[in-house]
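Have a look at the structure below before the remarks.
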Amino acid sequence: MTDEHLQYHSRRAMAELDMALKASNADAARAHFRLSSLHLEKSQEPGAMAAPAAATQTY
């Protein structure tokens, strides 16, 4: 995924989070939180979530 795509999903995640926090309806808020989560996942580069596990190795 290109940097442009990653930035797009990052911006969308923040926008959906903002809409979730401003929603007056609980169902709408949940939907926006879910969309924010999905965009956040897309904004992560492949393997980014696996990096912390490598840091926990003992020597």
Side-chain angles (χ1 to χ4, degrees):
M1 193 175 290
T2 67
D3 282 343
E4 188 174 318
H5 286 107
L6 297 175
Q7 290 174 3
Y8 166 79
H9 286 294
S10 180
R11 286 191 309 269
R12 290 301 306 149
M14 293 303 295
E16 290 295 341
L17 180 59
D18 187 49
M19 287 187 274
L21 295 173
K22 292 178 180 177
S24 59
N25 178 288
D27 290 332
R30 276 190 291 274
H32 286 297
F33 279 126
R34 180 68 178 132
L35 287 169
S36 177
S37 177
L38 292 171
H39 280 292
L40 184 60
E41 288 176 22
K42 289 281 192 176
S43 74
Q44 303 297 311
E45 291 191 348
M49 298 306 286
T56 61
Q57 292 179 340
T58 57
Y59 296 95

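Remember, it's a predicted structure, so these values are computed and weren't measured experimentally.
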**Partners meeting ring-ring contact (aromatic ring centres under 6.0 Å, His included) with His32 (sequence neighbours left out)** = none

**Asked** Taking only residues two or more places apart in sequence, or in another chain, which ones meet Ala31 in a side-chain contact (heavy atoms from CB on, under 4.5 Å)?
**Response** none

Output side-chain donor-acceptor pairs under 3.5 Å for residues 4-11, partner residues at least two apart or in another chain, one line each.
unit_1	atom_1	unit_2	atom_2	d
His5	ND1	Thr2	OG1	2.7
His9	ND1	His39	ND1	3.0

**Asked** Quick one: CG on Leu35 to CZ on Arg12, what's the gap to the nearest 0.5 Å?
**Response** 8.0 Å

**Request:** Linking directly or through intermediates, with side-chain heavy atoms under 4.5 Å: list the remaining ILVMFWY members grouped with Leu17, chain and number order.
**Result:** Leu21, Phe33

**Prompt:** So how far is it from Met19 CE to Ser36 OG, rounded to the nearest 0.5 Å?
**Reply:** 9.0 Å

**Message:** Test of understanding: with salt bridge (charged side-chain N to carboxylate O under 4.0 Å, His left out), list the residues that count as partners of Arg30, not counting sequence neighbours.
**Reply:** Asp27

